[in-house]
Number of protein chains: 2
Amino acid sequence: MAVTIKDIAKRAGVSHSTVSRALRVNHLVSSETARRIRQVAQEMGYRPSAVARSLKTKRTQVLGVIVSSISDPFFGEILNGIEVSAQAGGYSLFIAASQHDPVKERQIVQTMMEQRTDGVIICSSSFSPEHGRELLSYGFPVVVVNHQGSESFNYSIYHDDVDGSSQITRHLISLGHKRIAYLGNSQSGRTTQDRLRGFLDVMSDANLEVPDSYIHHVEGGDPKLGQESVEYFTRLSTKPTAIVCFNDTLAIGVVKGCEKAGLRIPDDLSVTGFDNITYSAFTAPSLTTFDQPKFSIGQEAAQLLLDLLKAEDGIIPDTPNVKVLQGKLLVRESTGIPSED
Amino acid sequence: MAVTIKDIAKRAGVSHSTVSRALRVNHLVSSETARRIRQVAQEMGYRPSAVARSLKTKRTQVLGVIVSSISDPFFGEILNGIEVSAQAGGYSLFIAASQHDPVKERQIVQTMMEQRTDGVIICSSSFSPEHGRELLSYGFPVVVVNHQGSESFNYSIYHDDVDGSSQITRHLISLGHKRIAYLGNSQSGRTTQDRLRGFLDVMSDANLEVPDSYIHHVEGGDPKLGQESVEYFTRLSTKPTAIVCFNDTLAIGVVKGCEKAGLRIPDDLSVTGFDNITYSAFTAPSLTTFDQPKFSIGQEAAQLLLDLLKAEDGIIPDTPNVKVLQGKLLVRESTGIPSED
DNA sequence: GCAGTCAATGCACACGTGTGCATAATGAGA
DNA sequence: TCTCATTATGCACACGTGTGCATTGACTGC
């Protein structure tokens, strides 16, 4: 049985109110008794009950985080950033993975509401607008990462996927590539669409054609799927000289697939990733990718949410609703001048 | 302001007790009123307050999970397993990363205690025994993954590091290797020690010597550190023909380091990983490693904790305190017959 | 028709903490 | 010495939910 302030009160010969005050706001209690109470609390191994406190104060000091998958290194690093900011602000994290499953999503949203989380960060690349609205209508401050449905949410941290994808595409074009394909992840909703758009816009601006067969989507982000997709691309009648991959994990698979198929990178095929996860530097050859400031994205998202919580009316005067964090192109070894043919 | 059972009671013309019962145990209230109450609750968008419920029932339905690093893919997959089991059992997760930092560790332990988590899973490869005792003495059911200090904890999920490391070493010896080095991560406490021991035992049994200089530790698990360590090994006067790495992330770095140094794997040097994280199959060459059932480890850990919570006296009669999950050797391309010299 | 049984519901208190208000104690000023 | 301001402390209620006990009403068996 855990020690309560009443136990301390009895032992110290005061009322529980005095104990409560002594342990929180010391200016309302004499310094002598405060000292004694603190000592008794220490001796008895007292730990305040966050549960009881939350009930009274209507603040749980907990942030809910919804993520597609915990084991995805991209989200892992964002989570790191979120954790650091949250911990610094005295908040703990409730983390749940939706696994792209609407049923789980529903469960998670429900849990967050029941647990009376102070706010929610949505990091899931696919998240149903319906559930988002549910969170909002329940009065949760919500910060969205990944630009997912930023129209309906007030605050979001936005890494410019369109721009990043454009930069990558321009890089390939500047190397001389004309036949460039796109490998997407159909489960990543808005994000894959944005990256596709950045790619298509630049191609169109450069008057380069992208046949339908050059846009290929797989269902998930596992490297294995990237590896398998190489077969698809090599079977095309006119083969692309470069593949823009939705993200690094797919690209890592593509690199392996090429190795198996005897395709040399970048001589026979250029490959690009996206996100700059740790492992993108350790393929052979290392991946040209777009470096997203993942840790900062997480930090900023949590910080924004904390600011939002401080501003009791839910509006921060001098902060833009959408914060854009710039990434930057990282040219490594997987891209090069296309071979003549 | 959230809807409470009192609001529902007023609207439905009954007492709040009846509402409470109707929404939980329906056999104590007439089916007609129960139906009506449920409907009113639905209309008003009622969400029970887990906070208030926890205060009364002294159960939070929350498990605390302490992990070294969220972004480490090894822990990521374990977390996945934990999440699935926990969610199936109706529990939510409080996740915190210790980052091998004793100060953070202390904060986390404190938070878990204050939040009145129903139980704790420790997945951190380094976790101070002092903080562990603190959790136990506060009355937390604790399940330990990673065999970290299993002496002091009652229940643990144990992946046999000594055995795994032995198998890997025997594999190398069977290929003809005699000069084998070990690359450890000094931050991983017990785990790196166990894997080192498995290695040394087998070497000793085979009458193979391991000079001190063949045992090298780096501070962390980042692939970069593995890559840099190649320089160390190549500077040795008599070079090893194989390196047993503490885990895959270090091995991935070693593979890259060898590529940069012009060392061919496995012709010039054999390299082994440990854990079989996703990316271990995508290096060039792919890594020979020891496959840990990470997902199952997480699942079993959470399940064990749930069982522990059901058994109110904290003892499960027919369950062994330590559950061993067997992994298995995975021979891929990074190991081969040593070249003559 | 009456005692006894049982289902349905309300009352009141509890969980641990925080806080407005009242009260007691102390000191200062006239 | 009396009044008033100030400080220290206790009392009592609140937060939202769960539950033992009492009460009420209806129904069963004789």
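Chain identifiers are assigned alphabetically (A, B, ...) following the order of the sequence lines, protein sequences preceding nucleic acid strands; residue numbering begins at 1 within each chain. Quantities reported herein were computed from a predicted structural model and do not represent experimental measurements.
Using a 4.0 Å heavy-atom criterion, one finds that B/V51 contacts no nucleic acid atom at all. Using a 4.0 Å heavy-atom cutoff across all strands shown, A/S20 reaches at least one base atom of the nucleic acid.
Not one N or O on the side chain of A/R47 forms a donor-acceptor pair closer than 3.5 Å with the backbone of B/Q110. Remark: side-chain polar atoms of B/T60 are paired, donor with acceptor, to backbone N or O of B/R116 under 3.5 angstrom. When atom types are taken as modelled, the side chain of B/S54 and the backbone of B/R59 share a donor-acceptor pair closer than 3.5 angstrom.
Contact of A/S15 with D/dC11 (side chain to base): no donor-acceptor pair of N or O atoms is detected under 3.5 Å. B/T57 contributes no side-chain N or O that forms a donor-acceptor pair with the base of D/dT17 under 3.5 Å.
When each of D/dG16, D/dG18, D/dA12 is scored by its nearest atom to the side-chain atoms of B/A52, the top-ranked nucleotide is D/dG16.
Of all heavy-atom pairs spanning B/M113 and B/F140, the tightest one is CG-CE1, 3.6 Å. In terms of heavy-atom proximity, B/R53 sits nearest to B/P48 at NH2-CB, 3.4 Å.
Per the geometry, CZ belonging to A/R59 stands 18 Å off P belonging to D/dC15, to the nearest Å. Atom CZ in B/R24 sits about 13 Å away from atom P in D/dG20, given to the nearest Å. Counting to the nearest Å, the C1' atom of C/dG18 and the CG atom of A/L23 are 12 Å from each other. In this structure, A/R116 atom CZ and D/dG16 atom C1' are separated by 9 Å, rounded to whole Å. The nearest whole Å value for the distance from the CZ atom in A/R47 to the C1' atom in C/dT17 is 17 Å. In this structure, B/H16 places its NE2 atom 11 Å from C1' of C/dA14, rounding to the nearest Å. Here C/dG16 presents its C1' atom at 10 Å from CZ of A/R53, a figure rounded to the nearest Å. If you take OH of B/Y46 and P of D/dG16, they are 10 Å apart, rounded to a whole angstrom.
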Stepwise side chain to side chain contact (heavy atoms under 4.5 Å, CB included) check, B/L309 with B/L63: CA-CA 11 Å; B/L309 290 173; B/L63 304 182; 3.9 Å; yes
List the steps and the verdict of side-chain hydrogen bond (donor to acceptor under 3.5 Å, both in side chains) for A/S15 and A/T18. CA-CA 5 Å; A/S15 76; A/T18 305; 3.3 Å; yes
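In this structure, B/R21 does not reach the C/dT9 phosphate: none of its side-chain N or O atoms is under 4.0 Å from OP1 or OP2. For D/dG16, the OP1/OP2 oxygens have no side-chain nitrogen or oxygen of B/S49 closer than 4.0 Å. Phosphate contact (OP1/OP2 of D/dG16, side-chain N/O of A/K58, threshold under 4.0 Å): present. Note on A/T18: a side-chain N or O is less than 4.0 Å away from OP1 or OP2 of D/dG10. Phosphate contact (OP1/OP2 of D/dC13, side-chain N/O of A/K56, threshold under 4.0 Å): absent.
The OG atom of A/S126 sits 6.0 Å away from atom CD of A/E105, with the distance rounded to the nearest 0.5 Å.
Sorted by residue number, the members of residues 28-35 of chain A with any non-hydrogen atom under 4.0 Å from DNA chain D read A/L28, A/V29, A/S30, A/T33.
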